[in-house]
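Data first, discussion second: the structure below is written as structure tokens.
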Amino acid sequence: MEKYQQLKERMAEIMDVTMAAALLNWDQQTQMPPAGAEARAQQLGTLSKIAHQMHVADETGRLIEAAAADLDGADYDSDEAAFVRVARRDYEQATRLPPEFVAEFSRVTALAHEVWAKARAENRFEDFRPSLEKIFDLARQAAEYLGYTDHIYDALLDQYEPGMKTAHVRAIFDELKKDLVPLVHAISERLDAVDDVCLHQEFDEDKQRDFTYEVIQKFGYDFNRGRVDRTVHPFATNFSINDVRITTRYDRTFLNPALFGTLHETGHALYELGVDPALERTPLANGSSLGVHESQSRLWENLVGRSRGFWKHFYPKLQQVFPTPLGGVSLDTFYGAINKVQPSLIRVEADEVTYNLHIMLRFELEQEILEGKVKIAELPEIWKARMQEYLGVTPPTDALGVLQDVHWSSGLIGYFATYALGNLMSVQLWDKALADAPDIPSQIERGEFDALREWLRQNVHRHGRKYMPDELMRRVTGEGIQSRSYMRYLKRKYGEIYGL
Ligand code: ZN
């Protein structure tokens with residue numbers, strides 16, 4: 001086991017450098033004065049270069065193969081076998097991209113980010129077009145370096161959702177779209193059935209914070225192992241299994257961003273806090289994939305936080321905190337308001353029903369661009385036409401259309417699908433949790449979450465990155481990722497709310 005121990009020590013040191021960079025990044029977004037940005041960019045660049053060089057060094061590759069030989073015959077489920085499996089996979093991915101290409105990629109995307117921000121602010125797609133063309137060219141090259149057998153998109157998707165194939169995701173989404181588009185159209189006929197004006201009132205920020213903190217502590221978020229800070233764009237980050245932080249933002253005239261945003265990030269955090277402590281300082285101490293991560297945030301945000309049972313317990317408390325805005329608002333009205341469906345232009349503001357259609361649009365367009373079927377210059381018009389087809393709304397401007405997301409400017413192509421896959425997995429896991437522990441809904445109605453959190457910890461969290469997403473779902477639920485459960489959930493919940 002000597003080589004295995006050496007590999008473990010080497011990977012632990014790489015993790016230390018990576019986590020130090022993550023901490024600098026957290027600081028940049030939460031505490032750093034603006035003038036620190038230039039120095040911080042250099043510090044982050046240096047640390048990520050050191051981590052990358054340590055990772056792709058020949059010595060790492062030799063240790064991985066020697067450790068694998070050491071462990072020959074080890075149980076697939078053991079920490080040791082999983083460690084070598086994941087280390088080898090990461091190493092192969094990291095060494096396939098030549099250093100000059102990685103440097104070029106970061107240079108182009110750093111510049112493109114500024115160009116995009118300005119183009120969006122000024123609603124000038126034409127200004128961003130050359131950068132976007134360049135980025136898709138680089139994505140094509142990255143896919144060639146990374147390698148694929150069936151579809152060029154497989155290589156890109158695999159970076160964010162390991163093991164998932166384009167054809168598989170497409171089949172899942174096609175099935176989903178078949179049922180989802182008619183549901184959205186049916187709800188669109190009855191939009192007046194629900195209004196959310198009660199959420200758009202004056203809500204004191206400190207009171208929002210206190211209430212939200214009380215809820216997430218009941219979820220199991222441990223302030224001894226984490227903290228909450230303010231940012232413009234909320235996120236969750238971790239530097240250790242025992243240091244998992246989240247951020248949030250407050251809107252004094254709208255309850256949702258802080259409340260549901262914090263429940264969402266807490267779902268991400270509970271995943272990281274639930275990883276087996278034995279995996280600390282290893283590459284296994286992280287979520288299985290972005291999709292599985294999103295399944296956890298969406299589960300706590302939506303299946304728990306937007307459920308009637310949850311609010312049976314918490315709504316009277318919320319009314320006590322906000323007697324003026326909510327005192328005269330019934331539980332039914334509030335429950336409808338937080339679940340209001342509104343086909344809209346902006347993905348990040350979309351509700352549970354329409355959200356996945358925003359994702360499918362991006363997933364399809366990315367492939368069509370890579371296949372050469374859609375030219376970047378044609379994107380704005382195609383975007384508008386497809387928004388009309390899927391959601392029944394047409395963006396009046398490109399800022400509200402093709403320019404809205406930051407992802408492409410950062411070179412994140414193949415990423416969007418993970419959001420929708422996360423939604424689908426959240427319901428599959430929820431259904432299985434309730435089948436195994438039927439007491440969960442009545443616990444939630446009492447404001448108790450131990451059974452749910454423990455089930456998730458046992459079945460999902462503690463494994464960290466041991467299993468790939470579809471593999472994890474098969475082990476836990478008995479089947480791979482599918483859309484049936486999600487559609488059943490939407491139809492039941494929204495059928496009731498909208499009287500369909
Ligand atoms: Zn998320």
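First listed ligand is number 1; within each ligand, the first listed atom is number 1. This one's a predicted model, so the numbers in the text were calculated from it and none came from an experiment.
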### Message
Apply salt bridge (Lys or Arg N to Asp or Glu O under 4.0 Å) to residues Asp470 and Lys165 and explain how you reach the verdict.
### Response
CA-CA 10 Å; Asp470 204 60; Lys165 295 277 181 260; over 6 Å; no

### Query
What heavy-atom pair brings Lys177 and Pro182 nearest, and what distance separates the two atoms?
O-CD, 4.0 Å

### Query
Cation over ring, Arg209 on Tyr250, under 6.0 Å and within 45°?
no

### Query
Quick check: are there more than 12 heavy atoms from other residues, nucleotides or ligands sitting under 6.0 Å from CZ of Arg492?
no

### Message
Going by salt bridge (charged side-chain N to carboxylate O under 4.0 Å, His left out), name the pairs with one or both residues in residues 283-300, residues two or more places apart or in two chains.
### Response
Arg298-Glu301

### Task
Count up the protein N, O or S atoms sitting under 2.8 Å from the Zn ion (ligand 1), would you?
3

### Query
Tyr415 and ring-ring contact (aromatic ring centres under 6.0 Å, His included): which partner among Tyr153, Phe363, Tyr160?
Tyr160

